[in-house]
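Input: a single structure, listed below in structure tokens.
All figures in this text were calculated on a predicted structure; none of them were measured in a lab. Just the heavy atoms: all of them, side chains too, but no hydrogens, waters or symmetry mates, feed the values below. Counting starts at 1 for both ligands and their atoms, following the listed order.
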Amino acid sequence: MQESKRKEIRIKADSFREKCKVSRYGIADLFKDCERLGYKVLRYPLGDTADLGFTLIKDNDIVIFTNTCSRLSREIFTLAHEIGHVILHIGTGLPFIDNNMTISGSSTNEKEQEANYFAACLLMPDDEVDKFLDLKIADFNKKGLSAMDIARIMSEFNVSFDMALNRLENLGKVNTGEKLKLDNERNERRVGNLLRSVGGNSRLNVPSKEVHIPYEYIDYVIYNYNHNAIPAETLERALACCHLSMEDVGDRLVEHQDDEEDDLDALIGGLSD
Ligand SMILES: [Zn+2]
């Protein structure tokens, strides 16, 4: 990627970040920020081997989906990558469907590389990383980083161990040898243990399996049911996705005349006459 393109992406990531709530150095809750900014965010446990996420436009809405079967830190990166597609590529070819191949440093597709770079700049901007290393890591300049320091960075910036390590390498904060050493230390001590030992956010390292569907979509399903556009089974299935039952939304449902049965009764009645 050319430096002029990289700079353009940094500027766009920076201006998106200004609209997000930042805790101290990292974005506190990117999902909430997206909803506040009007994106329709769907989160669903689609399965371990399913796609990681997608972005599309539906009825003028920007819809972003993330699979909650991936570890939370990875899901957050997927979300940041999808935002990258929205900001950089809207009008040039949405939808995008993403999996392990597109959301990785090794993707050779230009648009995927751009979205990955956007995500890295959004989650771990250069200046915030510098500030964190300076203020929060004791003797960084003399001793460099330990795996526990990486866990601290993970917790602050809400990223995975791999993402933190790759970003630090790209920013020139660790060299290839140090990266390898930190990687080995991670394998020995496990990320979950590292996070716990620094009082970090252990939830980052496990899938949330969360189900989150924008309320308008439930309204839409109920509207269709009330107007006889979908059968009760479809409504039930859609509600089940949100852990809701027909009873939960009973006060909003129109009583359905069972037309088919009436017709059948009339028909049988007519035959027996
Ligand atoms: Zn992508």
Side-chain angles (χ1 to χ4, degrees), residues 1-17 19-20 26-27 29-35 37-126 154 157-167 169-171 204 207-208 210 212-214:
M1 207 187 311
Q2 285 191 333
E3 180 47 34
S4 60
K5 187 75 197 175
R6 293 168 79 87
K7 188 168 185 170
E8 181 197 323
I9 294 173
R10 284 200 295 277
I11 291 169
K12 286 182 173 166
D14 197 50
S15 79
F16 187 89
R17 203 172 198 271
K19 298 178 209 151
C20 299
I27 294 172
D29 188 338
L30 192 54
F31 294 101
K32 279 202 184 125
D33 290 324
C34 282
E35 296 218 303
L37 294 169
Y39 297 168
K40 304 287 179 243
V41 179
L42 280 92
R43 301 175 68 197
Y44 193 78
L46 205 59
D48 295 337
T49 53
D51 289 325
L52 296 176
F54 60 73
T55 313
L56 53 84
I57 296 180
K58 187 181 180 300
D59 306 332
N60 294 324
D61 282 335
I62 291 166
V63 180
I64 297 181
F65 170 82
T66 55
N67 184 352
T68 56
C69 282
S70 61
R71 276 178 281 161
L72 179 61
S73 57
R74 195 155 169 66
E75 193 200 347
I76 293 169
F77 189 85
T78 301
L79 177 63
H81 174 105
E82 300 305 334
I83 298 168
H85 281 314
V86 174
I87 302 288
L88 305 171
H89 307 133
I90 204 154
T92 66
L94 294 179
F96 285 90
I97 298 170
D98 288 295
N99 53 35
N100 278 320
M101 294 301 288
T102 58
I103 304 186
S104 78
S106 56
S107 174
T108 51
N109 179 290
E110 199 178 312
K111 286 198 171 72
E112 299 306 341
Q113 285 177 346
E114 290 172 4
N116 284 327
Y117 186 62
F118 178 94
C121 295
L122 178 64
L123 297 175
M124 288 181 70
D126 199 349
M154 281 180 73
F157 292 94
N158 286 311
V159 296
S160 67
F161 197 95
D162 285 320
M163 150 87 203
L165 218 46
N166 287 334
R167 182 68 174 148
E169 188 188 27
N170 290 336
L171 292 174
L204 284 170
S208 72
E210 188 124 351
H212 175 84
I213 304 211

From E82, does some N, O or S atom reach closer than 2.8 Å to the Zn ion (ligand 1)?
-> no
On the 0 to 90° scale, with breaks at 30° and 60°, tag the F16-F118 ring pair as parallel, tilted or perpendicular.
-> perpendicular
To the nearest 10 degrees, calculate the angle at the Zn ion (ligand 1) involving NE2 of H85 and NE2 of H81.
-> 100°
Can you say whether the rings of F77 and H81 are parallel (under 30°), tilted (30 to 60°) or perpendicular (over 60°)?
-> tilted
Restricting to N, O or S atoms of D98, which is nearest to the Zn ion (ligand 1)?
-> OD1
Minimum heavy-atom distance between G47 and C69, given as atom pair plus value = N-SG, 3.3 Å
Heteroatom of E112 nearest to the Zn ion (ligand 1) (N, O or S, atom name) | OE1
When you check the gap from the basic side-chain N to the acidic O, do K111 and E114 get nearer than 4.0 Å?
-> no
